[in-house]
Amino acid sequence: MPDGIDTDTAHSARIYDYIIGGKDYYPADQEAGDAMVREWPALPVHMRANRDFMNRAVRYLAAEAGIRQFLDIGTGIPTSPNIHEIAQSVAPESRVVYVDNDPLVLTLSQGLMSGTPEGRTAYIEADMRDPAAVLDAPAFRETLDLGEPVGLTVIAIVHFLLDEHDAVGIVRRLLEPLPAGSYLAMSIGTAEFAPDEVGRVAREYAARGMPMRLRTLDEAGEFFTGLDLVEPGVVQVHKWRPDGTGTEVVRDADIAMYGAVARKPS
C-alpha cells in the first residue's frame, strides 16, 4: 500500500471512481458510494453526465478553439479517456499538466503519462487551495508555454471548497498567468434541480469529513466574470453542446452540476 493512503476512510475521488464503474477504490469508498446512491439513485447518471461534459469540453477546446495546452485541476483517479487522450486524438502535439493532492492519484499517475510521442504530459502533486504550489511547480513551467493559450479545466471539484476557501478567488489566481485567448472549462455542483436528494447526498459526504458548498446558477456564473462565455453559457452539464453520443435518457432532475466554457479576452 503506498504511503499516505488511508484505506479506512472514504475519499471523494475513490467514491467517484466506484460509482462510475472504476476499480481503484476500497471498502470504505464502496460503502459510502452505496449509501449515497440509496439516497439519490440518479447519482451514477449525474456523475457519468459530468464526465461526458468534460470530454465534450476538451474536444471543443482542441478541435474548435485550437487549444494545444491544458492545465487540469483536481484530476482524480485516471479514467480513460483522460484529457490528454482526448486532446491528442485531435492534435497529437497537445500538452497536459495534471494536478491532484490524492496520493492514490499519484500512485496511478503513470496512466496519465502515456501520451503521444509528439505531445507531453506531466503530473503535479498539489492542493488547488494553494495556487502558488501549482503555478510555481517546475512541471508547470517546463510543460506549458505561457506565450500560448492554455485550457484550464476545473471539473467537479469546487463543491468541496467552502466559503472560507474563496473558490472564485482560487480559480482567478490559476487563470491569472494564462495568456489572453486561454479558456476556463468548469463544472460546478448545485442542488437547484433535486434539492432534497442532493441535500441528502451532501450530508453523507459531510458525515465522512467531506463537507460541500453547492452553488446556485448566479453563484456558478461568478467563476466566469470577465470572461467571454461560449454558447450556451452556464447550463446543466448534459445541456452543454450535447453531441448525441449518450445512450441513457437524462432528466434535468438527475443532474446536480452546472457546466460552462469561457474565453479569457485580450
Side-chain angles (χ1 to χ4, degrees), residues 12-13 15-16 36 39-40 42-43 45-47 49-54 56-58 60-61 71-76 99 101 127-131 134 151-176 178 182-207 209-242 250-265:
S12 59
I15 295 169
Y16 183 89
M36 293 167 187
E39 296 293 350
W40 190 31
L43 185 58
V45 174
H46 155 80
M47 288 184 170
N50 174 74
R51 186 81 189 181
D52 290 343
F53 161 76
M54 183 198 78
R56 294 195 306 277
V58 171
Y60 166 82
L61 292 176
L71 174 62
D72 181 53
I73 304 295
T75 296
V99 180
N101 68 340
D127 192 320
M128 72 175 296
R129 291 173 292 185
D130 182 9
V134 177
L152 172 62
T153 54
V154 186
I155 305 297
I157 188 68
V158 294
H159 51 273
F160 292 115
L161 298 180
L162 307 182
D163 288 341
E164 58 263 34
H165 297 136
D166 184 18
V168 172
I170 287 171
V171 172
R172 286 177 180 165
R173 287 195 291 276
L174 290 167
L175 193 61
E176 183 178 9
L178 307 184
S182 294
Y183 282 80
L184 171 65
M186 288 187 70
S187 60
I188 302 153
T190 183
E192 291 197 298
F193 299 92
D196 294 339
E197 296 87 341
V198 175
R200 292 197 297 269
V201 171
R203 287 193 289 274
E204 291 288 345
Y205 272 103
M210 295 172 280
M212 284 184 172
R213 172 64 163 87
L214 299 165
R215 292 173 170 85
T216 65
L217 177 60
D218 286 344
E219 290 171 330
E222 291 177 8
F223 288 97
F224 304 96
T225 300
L227 306 178
D228 297 329
L229 281 165
V230 173
E231 289 293 335
V234 183
V235 295
Q236 284 177 286
V237 288
H238 67 300
K239 295 182 176 180
W240 195 88
R241 295 183 173 235
V250 179
R251 305 176 306 143
D252 290 355
D254 293 341
I255 303 300
M257 201 79 76
Y258 285 117
V261 175
R263 185 180 184 274
K264 185 175 181 179

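All values below come from the heavy atoms of this structure, side chains included, with hydrogens, waters and symmetry mates left out.
Ion pairing between a basic and an acidic side chain is recognised when a charged N comes within 4.0 Å of a carboxylate O; Glu219 and Arg213 show such pairing.
Annotation: side chain of Met128 is in contact with side chain of Val154 (closest heavy-atom distance under 4.5 Å). When side chains are defined from C-beta on, Tyr183 counts as touching Val230, because their heavy atoms get closer than 4.5 Å. Contact check for Met186 versus Ile155: no side-chain heavy atoms found under the 4.5 Å cut-off.
Checked by atom type and distance alone, the side chain of Arg215 never pairs as donor or acceptor with a backbone atom of Gly189 at under 3.5 Å. Panel note: side chain Gln236, backbone Ile255; a donor-acceptor pair is recorded below 3.5 Å. Ser187 places a side-chain N or O within 3.5 Å of a backbone atom of Ala156 that can act as its donor or acceptor partner. Here the side chain of Arg56 pairs no donor or acceptor atom with the backbone of Arg51 at under 3.5 angstrom. Using a distance-only test at 3.5 Å, with no hydrogens or angles considered, no donor-acceptor pair links the side chain of Lys264 to the main chain of Leu227. In this structure a side-chain-to-backbone donor-acceptor pair under 3.5 Å is present from Asp166 to Gly169. Side chain of Glu192 to main chain of Leu217: a donor-acceptor pair is present (N/O by atom type, distance under 3.5 Å, no hydrogens or angles).
Summarising the geometry, atom CE belonging to Met36 is positioned 12.0 Å from atom CZ belonging to Arg203; distances are rounded to the nearest 0.5 Å. Rounding to the nearest 0.5 angstrom, the gap separating the CE atom in Met47 from the CG atom in Asp52 is 13.5 Å. Separation of atoms CZ (Arg129) and CD (Glu164) is listed at 9.5 Å; rounding is to 0.5 Å. With rounding to the nearest 0.5 angstrom, the CD1 atom of Ile73 is 5.0 Å from the CG atom of Leu174. With values rounded to the nearest 0.5 angstrom, Arg251 atom CZ is found 10.0 Å from His238 atom NE2. Rounded to the nearest 0.5 Å, atoms OG1 (Thr75) and CD1 (Ile157) are 9.5 Å apart.
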**OP:** Output, in order, the C-alpha distance, side-chain angles, deciding distance and verdict of side chain to side chain contact (heavy atoms under 4.5 Å, CB included) for Leu71 and Val134.
**Re:** CA-CA 10 Å; Leu71 174 62; Val134 177; 4.2 Å; yes
Original post:
Between Met210 and Phe160, does a side chain to side chain contact (heavy atoms under 4.5 Å, CB included) hold up when you go through it step by step?
Top reply: CA-CA 7 Å; Met210 295 172 280; Phe160 292 115; 4.2 Å; yes
Subject >> Derivation and outcome, side chain to side chain contact (heavy atoms under 4.5 Å, CB included), residues Ile188 and Phe224 >> reply: CA-CA 12 Å; Ile188 302 153; Phe224 304 96; 3.9 Å; yes
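Closest approach of Ala13 to Gly76, counting heavy atoms only: CB-CA, 4.4 Å. Contact record, Leu214 with Thr190: CD2-N, 3.9 Å, taken as the closest heavy-atom pair. Here the shortest heavy-atom pairing between Trp240 and Gly233 reads CD1-O, 3.7 Å. The minimum heavy-atom distance between Ala220 and Val234, with the atom names listed, is CB-CG1, 4.2 Å. Across every non-hydrogen atom of Leu184 and Phe223, the tightest pair is CD2-O, 3.7 Å. When all heavy atoms of Arg172 and Glu222 are compared, the pair lying nearest together is NH2-O, 3.3 Å.
Taking the six-membered ring for Trp and thresholds of 30 and 60 degrees, His46 and Trp40 have ring planes inclined between 30 and 60 degrees apart.
For Phe193 and Tyr258, the ring centers are positioned less than 6.0 Å apart.
Within the structure, salt bridge (Lys or Arg N to Asp or Glu O under 4.0 Å) pairs that include any residue of residues 229-241 comprise Glu64-Arg241, Lys239-Asp252 (at least two apart or interchain).
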